[in-house]
Amino acid sequence: MNKLSEQYPEQLNIIQLDNGSFHTTKALQVPPNIILLFQPPHSPELNPIERLWQYIKNHDLLGDLRQFRTAAIAYKNGVK
């Protein structure tokens, strides 16, 4: 977060997080130009990576790493 804060010092930077316990440590020091926006509990539809995992499961892409990589890139680029 420090690198992000330093790279964009004049901007307010918002980082969206789920409520994983690893995101909620009290030791984390958040720079003043960064806001942590936590998703509501049990809301996978708000997390883009969850949509990618659903796409992968629906298209049975877990068995072939090369096919998985191609599909992940296509999904990222909006080709479904």
Side-chain angles (χ1 to χ4, degrees):
M1 281 193 292
N2 289 335
K3 286 185 180 185
L4 175 66
S5 176
E6 291 167 6
Q7 188 163 356
Y8 301 100
E10 302 300 319
Q11 295 181 15
L12 180 61
N13 303 287
I14 300 172
I15 300 175
Q16 181 178 338
L17 305 163
D18 61 21
N19 276 300
S21 59
F22 41 85
H23 292 145
T24 58
T25 178
K26 302 232 185 278
L28 184 63
Q29 295 193 4
V30 181
N33 66 331
I34 292 181
I35 293 175
L36 300 181
L37 177 64
F38 288 93
Q39 297 172 349
H42 310 292
S43 56
E45 69 280 357
L46 298 178
N47 189 342
I49 194 66
E50 294 297 338
R51 292 193 296 267
L52 172 60
W53 285 123
Q54 191 61 49
Y55 178 83
I56 290 166
K57 290 175 193 173
N58 289 345
H59 292 84
D60 195 28
L61 301 174
L62 294 174
D64 182 332
L65 186 57
R66 194 180 339 237
Q67 185 181 13
F68 170 80
R69 184 177 186 278
T70 301
I73 291 168
Y75 182 86
K76 177 182 173 250
N77 294 329
V79 179
K80 295 179 183 169

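Residues: numbered from 1 along the sequence shown. Computed over heavy atoms, backbone and side chain alike; hydrogens, waters and symmetry mates excluded.
With sequence neighbours excluded, no residue forms a side chain to side chain contact (heavy atoms under 4.5 Å, CB included) with Thr70. Partners of Ile73 under the side chain to side chain contact (heavy atoms under 4.5 Å, CB included) rule, at least two apart in sequence or in another chain, are Arg69, Asn77.
Cluster annotation: Leu28 and Leu4 are assigned to the same hydrophobic cluster (Ile/Leu/Val/Met/Phe/Trp/Tyr, side-chain heavy-atom contacts under 4.5 Å, transitive). Follow the hydrophobic side-chain contacts under 4.5 Å out from Phe38 and you reach Val30 in the same cluster.
Atoms CG and CD1, on Leu17 and Ile15 in that order, are 6.5 Å from each other to the nearest 0.5 Å.
Here the closest non-hydrogen pair linking Met1 and Leu36 is SD-CD2, 3.9 Å.
For Gln54 and Asn58, the side-chain atoms include at least one donor-acceptor pair closer than 3.5 Å.
A distance-only check finds a donor-acceptor pair linking the side chain of Asn13 to the backbone of Gln11 [under 3.5 Å].
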